[in-house]
Protein chains: 2
Amino acid sequence: MPPQPRSDTVAERLRLKSGELTAAERKLMAALFDNYPMAGLVSITEFARVADVSTPSVLRLAKKIGFAGFPSFQEQLRAELSAQLQNPIAKHDRWSADAPDTHILNRFASAAMENLSGSLKLVDHRDFDATVALLADRKRKLHIGGGRITHPLAAYLSTHLQMARPGVSLIPAVHSHWPLYLLDIGKQDVLIFFDIRRYDARMLDFAASARERGAKVVLITDQWISPVARLAVHTLPLRIEAPSSWDSNIVPLFVAESLVAATVNASWRDTEARIQELEALSDTGRRGR
Amino acid sequence: MPPQPRSDTVAERLRLKSGELTAAERKLMAALFDNYPMAGLVSITEFARVADVSTPSVLRLAKKIGFAGFPSFQEQLRAELSAQLQNPIAKHDRWSADAPDTHILNRFASAAMENLSGSLKLVDHRDFDATVALLADRKRKLHIGGGRITHPLAAYLSTHLQMARPGVSLIPAVHSHWPLYLLDIGKQDVLIFFDIRRYDARMLDFAASARERGAKVVLITDQWISPVARLAVHTLPLRIEAPSSWDSNIVPLFVAESLVAATVNASWRDTEARIQELEALSDTGRRGR
DNA sequence: TACAATCTGAAATTATCGCTTCACACGCGA
DNA sequence: TCGCGTGTGAAGCGATAATTTCAGATTGTA
């Protein structure tokens, strides 16, 4: 390997060494990237304070990535910033550093952002709020399920809701077990289904049976809307296109996380105690091992 | 004297006073505008040297345009620069129609966008590309795992990679099964781990054992970087903050989907046939019911 | 459990910076 | 020519920043 090219940016040097950084050094790296490169253009004392480490740690990091001291480290940051300011195309720095626009990461990121803003226009926030009210109602049991592709989303939602409240059950991926789970669905229960194309006929059957048993169905689907919507009290249609052979489930995950956050907010009094209890039990479990 | 007008930029203040500047002060103004505002972000000594005046002249200029001293003059320059660098991403057009900005959907969306653009800056795209090369190499077996929270992400990635190539296995969520899976990890295999805070000590152990058996470890983690990074050939650090009691896994999912798309692209010839075969088998299966 | 290796920040030290003072230079009118 | 006002920078003095040292804390290991 040739000797380290001295023209490398601070960001590149940090990434190069990121594997061998200590805890304090990682804090500094995080602080710097949090506002790059401005965060590094203050005094060493101030930079250390912002990252919540000592000044020697800043110095050690600067030396580890090949600078003589803090001033030369800072000089490099200034040089990068100057170069960037003179180059008007630099607005792309918010994407992957120096990767071309056509890089899959950047194309996927654009698609994700468009899906997200498109979905927010598509979704009726009253449906969202009404769904949250259902999820926050502890008198109702929750049943969460998804198709072959979306099942991990259902699992994710179920794990988080379980931390927030009791009475959450995940319907397994394997169809043959479904009748058993249908048995446990009762009046006033809520069935949350992820169903995106291609829609699974068996999910429609399941949702129909659940509804007959008195459950309320909430559907998270794509913009072409699964047939389950006819049975659902609330439908959240999302955009899921991606530059890929398969659809993107980023926005469905976004909705799942938002539902969790909103549900926790809506019933904070009950939830707070439960989370603290969970923490305590986890700690005990860890120590007991 | 009225309180110092903090909204004026240094450039405006200078132009305002440009009529009453002395020779040395005009030299300083010219030097600053020559590379605004970077030229002023060095030490007073250096700035004076560049403009070919003495340091007291710099100080006198700073005071003349209303600053208490050189540091506060410089602070103003930094503030202007920060404001200028603020990415215009923040002002995306309306989110959810007529929902207030404070609605959880909009707050979560902002957080997601910031996490995404922040992560793209944090991730080294060469690590990403190198990871894709590993995933696309059909001679290597892939083992995919995650912690309690991130396991669904591992499952999602595994499902998609399985559609793209053979030799993909998902490490189950239950720790007690792990030794059995370790047995099957061999030289040249690849272990893809999702590990975000709080890091699981058992994942570190597992990764260490896998590495000892000759496997290459790829780590998808958060910006605070899991200790597994020390064992990993490639680390993808991501931003995961959310206005919620728990972290957001939207960006990890984004990376998983991007990895799948890039892997498919990288080995399209092999993948195409496999996907078509899968389609055919699925159809048969459905008809056979 | 003890030992070694590594990491970390408090404190001391050194270097540099920001600022003040003051002597001198210059222009200009008496 | 002198005197006066204004502008300038050399020199020096704290103040602050950068660096070094070192002892305690932490972590991994026998």
Engineer: Quick one: B:Leu61 CG to C:dC19 C1', roughly how many Å, whole number?
Structural biologist: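 It is 15 Å, rounded to the nearest whole Å.
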Engineer: Between A:Glu25 and B:Ser43, which has a closest nucleotide on DNA chain C that is more 5'?
Structural biologist: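 Result of the comparison: A:Glu25.
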Engineer: If I take atom CG in residue A:Leu59 and atom C1' in nucleotide C:dT16, what distance separates them, rounded to the nearest angstrom?
Structural biologist: 15 Å
Engineer: D:dA17 P sits how many Å from A:Arg49 CZ, rounded?
Structural biologist: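 In whole Å, D:dA17 P and A:Arg49 CZ are 11 Å from each other.
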Engineer: Verify whether the ring centers belonging to B:Tyr181 and B:Phe206 lie closer than 6.0 Å.
Structural biologist: no
Engineer: Rounded to whole angstrom units, what separation is found between the CZ atom of B:Phe70 and the P atom of C:dC19?
Structural biologist: 8 Å
Engineer: Judged by each residue's nearest nucleotide on DNA chain C, which is more toward the 5′ side, A:Thr55 or A:Lys64?
Structural biologist: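 Its nucleotide being nearer the 5' end, the pick is A:Lys64.
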Engineer: How about A:His160 and A:Tyr156: are their ring centres within less than 6.0 Å of each other?
Structural biologist: yes
Engineer: So, is B:Lys63 close to the C:dG18 phosphate, meaning a side-chain N or O under 4.0 Å from OP1 or OP2?
Structural biologist: no
Engineer: For the pair made of CD1 in B:Ile44 and C1' in D:dG9, what is the distance, rounded to whole Å?
Structural biologist: 13 Å
Engineer: For DNA chain D, whose closest nucleotide is more 5', that of B:Ser57 or that of B:Arg230?
Structural biologist: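 Closest to the 5' end, via its nearest nucleotide, is B:Ser57.
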Engineer: With a distance cut-off below 6.0 Å to the six-membered ring centre and an angular limit of 45° from the axis, does B:Arg13 pair with B:Phe67 as a cation-pi contact?
Structural biologist: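 Flagged: B:Arg13 positioned over aromatic ring of B:Phe67.
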Engineer: With sugar-phosphate meaning primed atoms plus P, OP1 and OP2, does B:Lys27 contact a base, only sugar-phosphate, or nothing at under 4.0 Å between heavy atoms?
Structural biologist: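 Result for B:Lys27 = nothing.
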Engineer: So which of B:Arg239, B:Lys121, B:Gln223 actually passes side-chain hydrogen bond (donor to acceptor under 3.5 Å, both in side chains) with A:Asp34?
Structural biologist: B:Arg239
Engineer: With respect to the phosphate group of C:dT8, does any side-chain polar atom (N or O) of A:Thr22 fall under 4.0 Å of OP1 or OP2?
Structural biologist: yes
Engineer: Nearest to the side chain of A:Thr45, which nucleotide is it out of D:dA18, C:dT21, C:dG9?
Structural biologist: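 So the nucleotide nearest the side chain must be D:dA18.
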Engineer: Round to a whole Å and report the spacing from CD of B:Glu20 to C1' of D:dT6.
Structural biologist: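 One finds 15 Å between C1' of D:dT6 and CD of B:Glu20, rounded.
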